[in-house]
Asker: 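Got a structure for you, written out below as structure tokens; questions coming shortly.
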Protein chains: 2
Amino acid sequence: MGLTKTEIFTDAQNEIALFAKVIGHPARVAILQQLFKLDTCFCGDLVDEIGLAQPTISQHLKELKHLGLIKGTVEGTSVYYCINKTNWLKMKTVMRQFLDQDLPDNVECC
Amino acid sequence: MGLTKTEIFTDAQNEIALFAKVIGHPARVAILQQLFKLDTCFCGDLVDEIGLAQPTISQHLKELKHLGLIKGTVEGTSVYYCINKTNWLKMKTVMRQFLDQDLPDNVECC
DNA sequence: ATTATTAATCGTAATATTGCAATATATAAA
DNA sequence: TTTATATATTGCAATATTACGATTAATAAT
């Protein structure tokens with residue numbers, strides 16, 4: 001096992017989970033916050049800013065890129081990363097819809 | 001390793017990651033959606049609704065309970081679960097603040 | 001051409017997660 | 001008291017994740 005049974009859930013449920021999962025690590029949270037703060041950021045800056053080894057940061061960046069939340073552009077020997085606004089907005093919409101579900105006020109809960 | 005270095009991140013970053021992580025599995029997404037839909041839900045209903053074994057569901061419920069997103073009340077041999085409104089709102093606030101960060105419109109991104 | 005710089009990839013160790021069968025626990029019903 | 005029902009816990013196997021040292025790749029500078 002150790003393998004999520006994605007096939008028994010709806011696409012929407014899997015999408016929410018995937019987005020949430022990528023946010024589910026403080027290093028990736030920190031990277032995203034940096035990219036928002038600085039608009040664009042060289043990979044090396046992130047390694048300096050966050051206290052993790054370069055390969056570790058690179059790996060987290062890869063995951064964020066894979067989900068489309070960031071873009072990377074090569075410039076010389078450096079790569080600068082930035083938020084992919086379109087996909088960030090998409091994630092925001094998906095997550096907000098999930099978070100905003102609510103119980104009717106009158107319902108008495110346990 | 002395989003061990004997240006939480007100590008190098010801020011409390012806020014770790015909190016965001018923890019909340020996101022618990023949503024980062026479709027079974028827990030499905031459970032939460034059911035609890036919102038039905039207001040309150042017997043554990044057995046969840047096992048029937050979602051196609052996972054009873055111990056697996058029980059484990060996911062435990063994680064959700066541990067983070068305070070749901071409450072469980074024993075009634076006879078059954079346990080009924082429901083959303084913990086207060087903590088759900090707290091998570092919503094934390095996550096929304098993270099998701100709502102934005103780049104200035106005028107900034108040109110890569 | 002050689003060397004320096006930057007980031008990605010590979011390989012690997014440690015730990016975490018997912019899922020379930022088997023079992024335990026606890027209450028309800030007979 | 002015995003039996004049925006519902007949920008939690010235990011133990012375990014399979015897989016995933018996290019982290020990093022070593023290496024590679026690719027460009028820039030000398």
Side-chain angles (χ1 to χ4, degrees), chain A residues 1-9 13-14 17-31 34-35 40-67 70-82 110, chain B residues 1-9 13-14 17-31 34-35 40-67 70-82 110:
Chain A
M1 287 89 216
L3 177 82
T4 298
K5 284 190 161 179
T6 52
E7 70 277 7
I8 65 170
F9 301 102
Q13 286 165 341
N14 284 315
L18 274 180
F19 278 134
K21 198 175 179 183
V22 84
I23 314 264
H25 192 288
R28 293 191 290 267
V29 169
I31 288 170
Q34 273 291 307
L35 294 184
T40 166
C41 201
F42 282 90
C43 178
D45 295 343
L46 292 166
V47 175
D48 292 342
E49 188 68 29
I50 303 166
L52 290 171
Q54 179 266 320
T56 308
I57 296 291
S58 197
Q59 200 173 290
H60 284 303
L61 286 168
K62 195 176 169 185
E63 283 177 72
L64 289 167
K65 209 162 92 180
H66 186 252
L67 223 80
I70 62 173
K71 292 186 280 190
T73 312
V74 180
E75 178 146 325
T77 62
S78 303
V79 178
Y80 58 92
Y81 284 98
C82 66
C110 57
Chain B
M1 285 92 216
L3 178 82
T4 298
K5 285 191 161 178
T6 52
E7 70 276 10
I8 66 170
F9 302 102
Q13 287 165 340
N14 284 315
L18 273 180
F19 278 135
K21 197 174 177 183
V22 85
I23 314 263
H25 191 289
R28 292 189 292 266
V29 169
I31 289 171
Q34 273 291 307
L35 294 184
T40 167
C41 202
F42 282 89
C43 179
D45 295 344
L46 292 166
V47 175
D48 292 342
E49 187 68 28
I50 303 167
L52 290 172
Q54 179 267 319
T56 308
I57 296 292
S58 195
Q59 197 173 292
H60 285 303
L61 286 168
K62 197 177 170 184
E63 284 177 72
L64 289 167
K65 208 162 93 181
H66 186 253
L67 222 80
I70 63 173
K71 292 187 280 190
T73 310
V74 181
E75 179 146 324
T77 63
S78 303
V79 178
Y80 58 91
Y81 285 98
C82 66
C110 58

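In what follows, chains carry the letters A, B, and so on, assigned in the order in which the sequence lines appear, proteins first and then strands, with residues in each chain numbered from 1.
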Asker: Got Phe9(B) and Val29(A) here, is their nearest side-chain heavy-atom distance under 4.5 Å?
Answerer: no

Asker: To the closest 0.5 Å, what do you measure between CD1 (Ile31(B)) and NE2 (His25(B))?
Answerer: 9.5 Å

Asker: With sequence neighbours left out, which residue pairs that include part of residues 52-63 of chain B fulfil the side-chain hydrogen bond (donor to acceptor under 3.5 Å, both in side chains) condition?
Answerer: Arg28(B)-His60(B), Arg28(B)-Glu63(B)

Asker: How sharply is the helix from dA1(C)-dT30(D) to dA30(C)-dT1(D) bent, taking the axes over five pairs at either end and rounding to 10 degrees?
Answerer: 10°

Asker: Under 4.0 Å, heavy atoms only, any strand: does Ser78(A) hit a base, just the sugar-phosphate, or nothing?
Answerer: sugar-phosphate

Asker: Is there a side-chain contact between Tyr81(B) and the phosphate of dA8(D), meaning an N or O under 4.0 Å from OP1 or OP2?
Answerer: yes

Asker: State which residues pass side chain to side chain contact (heavy atoms under 4.5 Å, CB included) with Asp48(B); sequence neighbours excluded, sorted by chain then number.
Answerer: none

Asker: When the distance from CZ of Phe42(A) to C1' of dA7(C) is rounded to whole Å, what number comes out?
Answerer: 12 Å

Asker: When the distance from CG of Asp45(B) to P of dT7(D) is rounded to whole Å, what number comes out?
Answerer: 8 Å

Asker: Tell me the interatomic distance from Ile57(B), atom CD1, to dA21(C), atom P, rounded to whole angstroms.
Answerer: 13 Å

Asker: Would you tabulate the nitrogen or oxygen pairs shorter than 3.5 Å linking the protein to nucleotides 20-28 of chain D?
Answerer:
unit_1, atom_1, unit_2, atom_2, d
dC20(D), OP1, Lys5(B), NZ, 2.5
dC20(D), OP2, Ala53(A), N, 3.0
dC20(D), OP2, Thr56(A), OG1, 3.2
dC20(D), N4, Gln59(A), OE1, 3.4

Asker: With side chains defined as the heavy atoms from C-beta onward, is the minimum distance between Val79(A) and Phe42(A) less than 4.5 Å?
Answerer: no

Asker: Regarding Thr4(A), tell me which of base, sugar-phosphate or nothing describes its non-hydrogen contacts under 4.0 Å with the strands shown.
Answerer: sugar-phosphate

Asker: List for me each residue that meets side chain to side chain contact (heavy atoms under 4.5 Å, CB included) alongside Thr6(A), sequence neighbours excluded, and say none if there are none.
Answerer: Thr4(A), Asn14(A)

Asker: Tell me: OH of Tyr80(B) to C1' of dT27(C), nearest whole Å?
Answerer: 15 Å

Asker: State, to 0.1 Å, how close Gly72(A) and Lys65(A) come at their nearest heavy-atom pair, and which atoms those are.
Answerer: N-CD, 4.2 Å

Asker: Looking only at non-hydrogen atoms, find the nearest pair between Leu61(B) and Ile70(B) and report the distance.
Answerer: O-CD1, 3.6 Å

Asker: Any side-chain N or O of His60(B) less than 4.0 Å from the OP1 or OP2 oxygen of dG19(C)?
Answerer: yes

Asker: Taking atom C1' of dT9(D) as reference, at what distance in whole Å does atom CD of Glu63(B) sit?
Answerer: 14 Å

Asker: Given atom NZ of Lys65(B) and atom P of dA8(D), what is their separation to the nearest angstrom?
Answerer: 6 Å

Asker: May I have the distance from Asp48(A) (atom CG) to dT5(C) (atom P), rounded to whole angstrom?
Answerer: 14 Å

Asker: Could you go step by step and tell me if Val47(A) and Leu52(A) meet the side-chain contact (heavy atoms from CB on, under 4.5 Å) rule?
Answerer: CA-CA 6 Å; Val47(A) 175; Leu52(A) 290 171; over 6 Å; no

Asker: Sort out for me which residue in Thr73(B), Asp45(B), Leu35(B), Val74(B) forms a side-chain contact (heavy atoms from CB on, under 4.5 Å) with Tyr80(B).
Answerer: Thr73(B)

Asker: Whole angstroms only, please: what is the CG-C1' distance between Leu3(A) and dC12(D)?
Answerer: 16 Å

Asker: Taking all heavy atoms of Gln34(A) and all of Cys41(A), pick out the closest pair and write down the distance.
Answerer: OE1-SG, 4.4 Å

Asker: Tell me the closest heavy-atom pair linking Ala27(A) and Ile50(A), and the distance in Å.
Answerer: O-CD1, 4.1 Å

Asker: So which of residues 17-25 of chain A are in contact with DNA chain D, with a heavy-atom cut-off of under 4.0 Å?
Answerer: Lys21(A), His25(A)

